[in-house]
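Here is the structure we will look at.
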Amino acid sequence: MFAVETLSLSKKYGKTDALRELNFTVDEGEIMVILGPNGSGKTTLLMTLCTILKPTSGTAKVMGIDVVKDGTKVREVMGIAFQEARGFWRHKPSSILKFHASMFDIDPVKRQDLIEQTMKELELWESRDKLFMHLSGGQAKRLETAKVLVQRPKLAIFDEPTSQVDLRGKRKIWDKIRELRDQGSTIIVATNEVREAEYLADRVTILHKGTLVVRDSIPKLKDAIAGGDVVEVGFEDPVADKLVEDLKNLGGILTMSPEGNQLRANVSKAEDWVPRMTSASYNMGAKISTIKITEPSLDDVFLHFTGKSLEENP
Amino acid sequence: MSEFSRLVHIARTDFSYFFRTKWLMAILISLNISDMLVTGLVYKGLVTFDYFRFLVPGIVVMGLFSAATDTGRRIWLALREGVVQYYMTLPVRTSGLVAAYIISGGLGGIVYSGVLLIIAFVVVPPQGIMNAILLLPFLFILATGIAGLAAFFASISRVGEIYWVYAQALQVSMVTISTIFYPSSTIAQYLPGPIVVIAEYNPLSLAAGALRDSAFGGGALSTSVFANLLGVSLPLAGIGALSYWVILRTIRIRGKP
């Protein structure tokens with residue numbers, strides 16, 4: 001059984017298609033990152049899974065439970081951290097967490113310790129006496145994450161969990177999300193941040209204009225792009241034409257562009273090509289000063305599959 | 001935790017907002033108390049009947065009305081601040097959420113008017129106090145009905161100012177065409193007969209009348225008073241529940257209220 005399964009799921013707002021015939025699955029115990037620019041349908045998908053939105057057509061199941069027919073049961077097994085923090089404006093963070101924990105039957109004996117521990121881990125403890133409406137954007141976002149961490153649901157959904165959060169806070173939240181996965185929860189994270197996806201994802205689903213473009217692990221997605229690795233080689237002297245010809249004959253190379261002392265090559269597998277390149281250069285008497293190997297980013301992957309950059313509007 | 005317990009927990013949390021705006025409530029209550037003591041006592045010596053005993057029940061009902069309409073403000077804010085969407089992710093049915101809000105509105109009304117009643121008890125005979133306590137559940141139903149009307153206005157208000165316009169219009173019409181501050185004989189002198197009937201069956205008039213006769217007058221409680229109060233309050237609560245349910249349904253379809 002999939003933790004999440006949608007079949008031909010569509011959602012329209014008036015005449016606008018937010019999701020189009022989406023077939024999407026998430027395995028139990030994995031972190032699935034949904035990557036896409038604003039307006040790609042990420043939030044609509046999450047809102048449908050957490051039963052706030054009713055699909056226009058198609059079906060969606062969470063832990064085998066239909067989100068339309070049995071919404072209350074779905075809500076018992078899932079928790080969501082919204083993109084925009086939602087809390088009781090005149091309550092303190094601890095009472096918001098206490099309310100949330102009690103709604104999900106968290107053991108009253110352990111509740112207080114769990115709340116305190118989570119608040120400390122997410123650096124909210126210092127703000128425990130502030131009202132929600134006085135929290136900063138980043139603090140409110142961390143509180144949103146804390147709700148789900150305290151709840152420890154079977155399916156945890158995070159919608160852009162680290163937007164408005166500083167770099168240190170981001171890392172903390174990411175680590176806690178991974179910890180939640182290690183404790184047995186299935187996780188869905190929607191983001192348009194490449195670094196967040198790279199850090200968290202067991203698998204990535206790319207959404208574009210409400211449709212699923214591709215879904216796989218990050219290494220496989222990167223391998224799927226022509227010219228999987230980029231190798232930049234620095235020589236002590238200008239690169240000779242003869243050397244370029246010899247390197248081309250090594251195989252495994254897709255494109256190569258020499259410029260002065262530098263050579264940039266797109267190769268299918270850097271770990272195979274670099275040893276052969278260094279050996280060939282040595283034989284030609286060309287001295288290498290630097291070698292830099294990079295792999296394509298998820299932005300490159302997104303660009304490859306959709307023709308647009310993540311930063312572009314849909 | 002059962003679904004009913006969750007519903008009660010949500011109602012309690014929403015009701016706690018009533019106390020979290022305590023300074024606003026304190027000012028409103030002090031205004032009502034000032035009306036009771038200043039207007040009531042001054043007019044007592046100027047008109048031919050005991051205006052204090054006439055006015056105070058009206059003010060108690062006005063307090064109930066003000067507190068119950070605060071439900072609409074809370075619903076409006078909760079919709080715009082996303083708290084309603086958060087509630088929609090909790091393991092409670094839509095009908096449970098609706099009930100929680102209406103109950104919370106009723107509690108607000110009863111607590112506010114209860115404070116005024118306690119202060120007014122200084123002039124109430126002992127039997128009247130007992131009658132007032134017996135009336136409380138019916139005043140609670142009335143408060144849920146008014147909270148329901150407020151929920152309806154919150155549901156059709158795109159911006160906060162508009163909600164206040166509706167709430168004030170409701171207050172002016174319900175208070176003017178009522179017997180809260182003047183007897184029906186006074187209305188009959190200036191307005192046509194059907195208006196007098198509307199004023200007499202106005203739920204606020206019925207509540208004020210019940211308090212005057214049985215709590216402040218010390219008279220026996222009449223079952224017809226209870227029946228009339230329920231008869232006019234329950235449909236209002238129903239309208240409010242339906243309105244709030246429609247809001248939640250709209251969010252499910254459009255993604256926003």
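Predicted model only: the values in this text are computed from it and were never measured. Below, chain A is the first sequence line, B the second, and so on; all start at residue 1.
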| request: Under 4.5 Å, heavy atom to heavy atom: which of residues 231-249 of chain B reach chain A? Give them by number, or say none. | output: none
What part of [X] is in contact with chain A, defined as an atom under 4.5 angstrom from a non-hydrogen atom: side chain, backbone, both or neither?
X	answer
B/Arg254	backbone
B/Ile10	both
B/Ser5	neither

Answer with side chain, backbone, both or neither: which region of [X] has an atom nearer than 4.5 Å to a non-hydrogen atom of chain B?
X	answer
A/Met47	neither
A/Thr43	neither
A/Phe82	side chain
A/Lys11	side chain

| task | Go through B/Val83, B/Val92, B/Asp14, B/Leu90 and name the one with the most non-hydrogen pairs under 4.5 angstrom from chain A. | result | B/Leu90
Compare all side-chain heavy atoms of [X] with those of [Y] and state whether any distance is below 4.5 angstrom.
X	Y	result
B/Leu211	B/Val60	yes
A/Ile188	A/Phe158	no
A/Lys176	A/Thr118	no
A/Glu21	A/Thr211	no

| request: Could you pull out the closest heavy-atom pair between B/Gly105 and B/Ala147, with the gap in Å? | output: CA-CB, 3.8 Å
Residue among [options] with most heavy-atom pairs under 4.5 Å to chain B:
options	value
A/Leu131, A/Leu53, A/Ile52	A/Ile52
A/Val77, A/Thr56, A/Thr72	A/Thr72
A/His100, A/Glu84, A/Arg86	A/Arg86

| task | State whether the number of non-hydrogen atoms from other residues, nucleotides or ligands found under 6.0 Å of B/Phe4 atom CZ is greater than 12. | result | no
| said: Could you walk me through whether A/Asp107 and A/Arg111 satisfy the salt bridge (charged side-chain N to carboxylate O under 4.0 Å, His left out) test, starting with their C-alpha distance in whole Å, then the side-chain angles of each, then the deciding distance to 0.1 Å, before giving a yes or no? | reply: CA-CA 6 Å; A/Asp107 185 350; A/Arg111 197 181 292 166; over 6 Å; no
| request: Please report the C-alpha distance between A/Glu30 and A/Thr186 in whole Å, then the side-chain angles of each, then the deciding distance to 0.1 Å, and finally whether the side-chain hydrogen bond (donor to acceptor under 3.5 Å, both in side chains) criterion is met. | output: CA-CA 5 Å; A/Glu30 74 171 337; A/Thr186 303; over 6 Å; no
| message | Check for me whether A/Lys147 meets the cation-pi criterion with A/Phe99, that is, NZ or CZ under 6.0 Å from the six-membered ring centre and within 45 degrees of the ring axis. | response | no
| field | Step-by-step side-chain hydrogen bond (donor to acceptor under 3.5 Å, both in side chains) determination, B/Thr89 to A/Arg75 | value | CA-CA 6 Å; B/Thr89 66; A/Arg75 294 192 287 275; over 6 Å; no
| request: With salt bridge (charged side-chain N to carboxylate O under 4.0 Å, His left out) as the test, would you mind laying out the steps for A/Lys73 and A/Glu76 before giving the verdict? | output: CA-CA 5 Å; A/Lys73 280 193 178 158; A/Glu76 281 174 5; over 6 Å; no
